[in-house]
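Just so it is clear, the structure is predicted and the values come from calculations on it, not from any experiment.
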Amino acid sequence: METTTDAPSFARSRRPRRPEDPARIWAPLADLTEAAVAAAGSGTVAITRGFDRNSRQRAKALRELLDQQDVPAIEVTPAPGSDRLLADVEVTAVVNLIGAGSWQPYRVAAQLRAPVLTPKPGDDAGEQVTRDVIALVGDSGKRDVALSHVAVRSEDPAASRLTLTHGGEQLTVAGGWLTVAVAGHELQVQVGGADVAEQTITTGEVRVEAFDAPHRLVRDELPIADFEGAVTFTAEPEGLVVRPV
């Protein structure tokens, strides 16, 4: 006599679930996963996401898809200090799940010298885009990156001084201010002060020292630090690589 025995309910519940189609979560996930795996090599993928529910779900799904391909991934957000999670990690690709409205994915990618993978704007494949960026290195030797411009402003122009050194030349400006932008692989430094008319200096690198009064360092419209001591600004041609996928 033949008998059959149904598996207990707890045993049935342990059967592996079929992987969910990433396109059901968000259409670009499949292409982003494929591109991230190809770019990652033996490194780690940084996933930049926002704080909303959709962004969290998409980041979680992408991280799980990459894990299935044995590619490690770390999520970071625009919260101050979040990118410290990437310290001492070899990041070889950055995925932008935040969108074009945030500087953060692009700054992280440029800082780590890794391409940023972003959803293509339409159905057709987009072309890779590169941009020059500005590297900032302070007395500590730590490197930061600005995508658009950097400004130095004194909190007491009547007492402050700035000294600029570039190409073997030195310029000291009382009550000085400056703005550093990048174009054509070179820095465009606009500087002026109480006794110096506004002028533009074109150079690949400039060292700026502040004296006698507190100064503020503003990067891409975001104040980031009290400026003390010296900072060296350097043009990094094509330091940002954007790949729409």
Looking at [X] and [Y], would you say the former's side chain and the latter's main chain have a donor-acceptor pair under 3.5 Å?
X	Y	value
R153	L178	yes
D220	W103	no
H215	A213	yes

For residues [X] and [Y], report the shortest heavy-atom separation together with the two atoms involved.
X	Y	value
T77	Q104	O-NE2, 2.8 Å
A79	F51	N-CZ, 3.7 Å
S160	D212	CA-CB, 4.3 Å
D83	V76	CA-CG1, 4.3 Å
T203	V206	CG2-CB, 4.2 Å
W26	P119	CH2-CG, 3.5 Å

Atom [atom1] of [X] and atom [atom2] of [Y]: how far apart are they, to the nearest 0.5 Å?
X	Y	atom1	atom2	answer
L171	L164	CG	CG	5.5 Å
R63	T33	CZ	OG1	12.5 Å
I201	L187	CD1	CG	10.5 Å
L147	Y106	CG	OH	10.0 Å
I74	I47	CD1	CD1	9.5 Å
R107	L112	CZ	CG	9.0 Å

Does one hydrophobic cluster hold both [X] and [Y], with members joined at side-chain heavy-atom distances below 4.5 Å?
X	Y	answer
V133	L86	yes
L85	V145	yes
W177	V208	no
L222	V108	no
L136	V180	yes

- [ ] May I have the step-by-step check of side-chain contact (heavy atoms from CB on, under 4.5 Å) for E209 and L162, ending in yes or no?
- [x] CA-CA 6 Å; E209 297 175 88; L162 289 178; over 6 Å; no
Do [X] and [Y] make a side-chain contact, defined as non-hydrogen atoms from C-beta onward lying under 4.5 Å apart?
X	Y	answer
L62	I25	no
V45	V91	no
D132	E238	yes
Q68	L66	no
V94	T48	yes
T202	Q188	yes
V241	V116	no
V173	V191	yes

Open item on the list: Closer than 4.0 angstrom, basic N to acidic O: yes or no for R58 and E75?
Closed with: no
Task: Short N-O contact, R219 and D144, less than 4.0 angstrom - done: yes
Task: Check against salt bridge (Lys or Arg N to Asp or Glu O under 4.0 Å), R143 and E236 - done: CA-CA 12 Å; R143 173 180 166 275; E236 293 193 352; 2.9 Å; yes
Task: Verdict with reasoning, E205 to H166, per side-chain contact (heavy atoms from CB on, under 4.5 Å) - done: CA-CA 6 Å; E205 181 177 288; H166 64 95; over 6 Å; no
- [ ] Given side-chain contact (heavy atoms from CB on, under 4.5 Å), test T118 with V242 step by step and report yes or no.
- [x] CA-CA 7 Å; T118 190; V242 182; 3.8 Å; yes
Task: Q170/T163 under side chain to side chain donor-acceptor pair (under 3.5 Å): CA gap, chis, key distance, verdict - done: CA-CA 7 Å; Q170 192 171 85; T163 296; 5.6 Å; no
TODO: Could you tell me whether Q199 atom CD has more than 12 heavy atoms of other residues or ligands within 6.0 Å of it?
DONE: yes
Task: side-chain contact (heavy atoms from CB on, under 4.5 Å) partner of L240, chosen from Q111, R131, R113 - done: R131
Task: Single hit among L217, T179, V231, V218 for side-chain contact (heavy atoms from CB on, under 4.5 Å) with V150 - done: L217
